[in-house]
Amino acid sequence: PPTSISEVSHVKTMDQYKEMYKQSVEEPGKFWGKIAETFYFKKQHEGEFFDYNLDIRKGEVYIRCLSDATTNICYNCLDRNVKSGHGDTIAFYWEGNDPMDSTSITYKKLLDEVCKFSNVLKSLGVKKGDRVAIYMPMILELVVAMLACARIGAVHSIVFGGFSAEALSSRILDAKCDVLVTADGVYRGTKLIDLKSIADEALELCTKDGHSVSACVVVKHITANSYCDDKTERPAMRPYSGFKMSWNKAVDRSWEDLMQSASNECEPEWMNSEDPLFILYTSGSTGIPKGVLHHVSGYMLYAATTHKYTFDYHCGEVYFCTADIGWITGHTYITYGPLLNCATSVMFEGTPLFPDASRYWAIVDKYKVSKFYTAPTAIRSLMKYGEEPIRKYSRSSLKVLGTVGEPINPEAWLFYHKVIGNESCSIVDTFWQTETGGHVLTPFPGCTPTKPGSATFPFFGIVPAILSDEGVEIEGPGEGYLVFKQPWPGMMRTVFGDHKRFERTYFTKFPGYYVPGDGCKRDEDGYIWITGRIDDMINVSGHLLSTAEVESSLIEHPQVAEAAVVSKPHSVKGECLYCFVTVLQGSEFNKELVKELKEKVRHHIGAFSTPDYIQNAPGLPKTRSGKIMRRVLRNVAKGNRDLGDVSTMADASVVEVLFQNRDYTV
Ligand code: WTA
């Protein structure tokens, strides 16, 4: 048997990578066309693969690929694999929060369930193009619900289960969703999250705003156990008989009841390549989050191809991505990518620290996981517990370790490689975004020589460039704005309901390029290193938050006159929120206010956005034209008195006051 991963990997050498890469960018039609042949299209495509304009100076920005073909992504994820003899292959091993709670589902059974739920959605009046909101924990029903939407051509809009009622309602409203799918609740560790009551509150807020959903489908997850193999009652875990759930007869529908009578046959809706597949909201520098819209065929090709090459996935291997499906990583690398490649995945409901810090490695050994994908923040939180919880398990099945969500610090990278990977795994640091649909910069396992902290080189079809402030391309080593020069199949097509915002956000700063909003540098060997956001976005544990979003929650408080939010480095989260708050004259800045402000932000966005620091700011540093100088505030947050050039500041004395108030951060 081969001893080194490169002997079996899809791409074995850098020369092979370069050759494939060259074709992918010079003849994208040929490159992607060949990949498209491995999928089922009801109607084949004729003509050019791509049709696009990325240059706003030449008119409206648009990207289309395979635009005259028809297909269905759910069919390609399920029916195609069942028809080719993989009906009995395990699609998912589901591992519950409680280590005793687990089950699995085959491709055939998943197809049955998806067809049933497709029929349920149809019976609720959902048609092609309608939006369905999904607010669920990491349970198999979530995958069933999203694939059922894809099957009937409805657009799913999944909202991460950690978002608050307000955040959920604003997303339902923006997309005008007709139906919400949710669950009674979920345990994360020993903490019970009452999803249904959050959903109830969100629906009430929607109704107040003049939009009511026609149905709210509720999975009984902790009060029943539809897919659970082990039916023993485990109090404080699921199934949990002491849980009281409210029930609104007018809109609430029981998942179990609806599924019971549904037929398991459902002809897929044959979708045009450029029909929308899903909306996923991501923070924007202004206003409400942007509904990133992905479309059927391009996303399908890109999700499958990146999953295959980046993880060097081979049929029969067990793959485990620890993300939540509520984020893009879960969409592309738990549901679509793996299923399109007929993979067997682990879907995990719990947290890395429950019941103890070795949970991931217990799972890796239990299912013989060979490809593992997580976030730097998870690695850092595990580093705190030392090597013992890791060494306790063999992890000998592991071959590829992936990371995503934020720049990985070399210390965490080395821990991942040396301790978790026993120095025998390839590390893939994958850079991408909700908007890109899949990986855009990444090493290939067994092929690309890596450097700790660098996402290395572009994926197939991606043409990166680095621009100076003036928009001039920097050749060779240098630092600047990361941009992409050509479209790729998985690229977002628009912001839901606001194409102008799409053009403004990504194509206006440097006309002719897609601008992701990250800075980067290129070293002497051509490796790309992401340096972080260039806009007012803060990455907390891999979750992007906009400073404007947090500031507007803070200013809502009646005692707050002004607020400015910046990032402060954090040993586990990467970055955390540091808020400067100016109270109204006559109001007092005290512990009580800080508590209320933290609560406000949680309420607006969700628990993961809770600020770590809130400090009193009698005045904020501003330019003479009144712009808040965030650069100065970032230094105050860090306690760094070396402020650089402050000649444009209107009143420099406010800064000293801020330094004096640093101690009172509560
Ligand atoms: C950051 C997550 C450095 C980056 C898939 C990007 C990264 C934003 C990396 C997108 C990485 C993601 N190295 N930075 N490997 N991966 N980022 O939309 O700032 O939730 O623009 O997508 O996360 O976050 P999003």
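Values in this document were obtained by computation on a predicted structure and should not be read as measured data. In listed order, ligands and their atoms are each counted from 1.
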(message) Tell me which one of Phe160, Phe278, Tyr302, Tyr299 satisfies ring pair (Phe, Tyr, Trp, His ring centres under 6.0 Å) with His331.
(response) Phe278
Please work out whether any backbone atom (N, CA, C, O) or any side-chain heavy atom from C-beta onward of [X] is under 4.0 Å from ligand 1, and answer side chain, backbone, both or neither.
{"X": "Thr434", "answer": "both"}
{"X": "Met537", "answer": "neither"}
{"X": "Leu441", "answer": "neither"}
{"X": "Ile408", "answer": "neither"}

(request) Output yes when the distance from some N or O of ligand 1 to some N or O of Thr329 is under 3.5 Å, and no in every other case. (result)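 N/O-N/O distance below 3.5 Å does not exist for this pair.
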Among all protein heavy atoms in this structure, tell me which lies nearest to [atom], with the distance rounded to 0.1 Å.
{"atom": "atom 16 (N) of ligand 1", "result": "Gly405 N, 3.0 Å"}
{"atom": "atom 6 (C) of ligand 1", "result": "Asp518 OD2, 3.4 Å"}
{"atom": "atom 8 (C) of ligand 1", "result": "Leu544 CD1, 3.9 Å"}
{"atom": "atom 9 (C) of ligand 1", "result": "Glu406 N, 3.5 Å"}
{"atom": "atom 3 (C) of ligand 1", "result": "Pro407 N, 3.1 Å"}

(request) Decide if atom CD of Glu473 counts as having more than 12 heavy atoms of other residues, nucleotides or ligands within a radius under 6.0 Å. (result) yes
(request) Using distance alone, with no hydrogens and no angle criterion, decide if Tyr333 and Thr306 have a side-chain donor and acceptor under 3.5 Å apart. (result) yes
(request) Work out whether the distance between some heavy atom of Trp432 and some atom of ligand 1 is less than 4.0 Å. (result) yes
(message) I'd like to know if Gly517 contacts ligand 1, where contact means a heavy-atom distance under 4.0 Å to any ligand atom.
(response)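 The answer is no, since Gly517 has no heavy atom less than 4.0 Å from ligand 1.
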(request) Report yes if the distance between the aromatic ring centroids of Tyr514 and Trp488 is under 6.0 Å, otherwise no. (result)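 Ring centroids of Tyr514 and Trp488 are less than 6.0 Å from each other.
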(request) Verify whether the ring centers belonging to Tyr62 and Tyr52 lie closer than 6.0 Å. (result) no
(request) Please report the C-alpha distance between Phe163 and Trp327 in whole Å, then the side-chain angles of each, then the deciding distance to 0.1 Å, and finally whether the ring pair (Phe, Tyr, Trp, His ring centres under 6.0 Å) criterion is met. (result) CA-CA 11 Å; Phe163 274 114; Trp327 305 106; 5.7 Å; yes
(request) Going by the side-chain contact (heavy atoms from CB on, under 4.5 Å) test, name the single residue among Val440, Val463, Val515, Leu54 that passes it with Phe484. (result)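 The option that passes is Val440.
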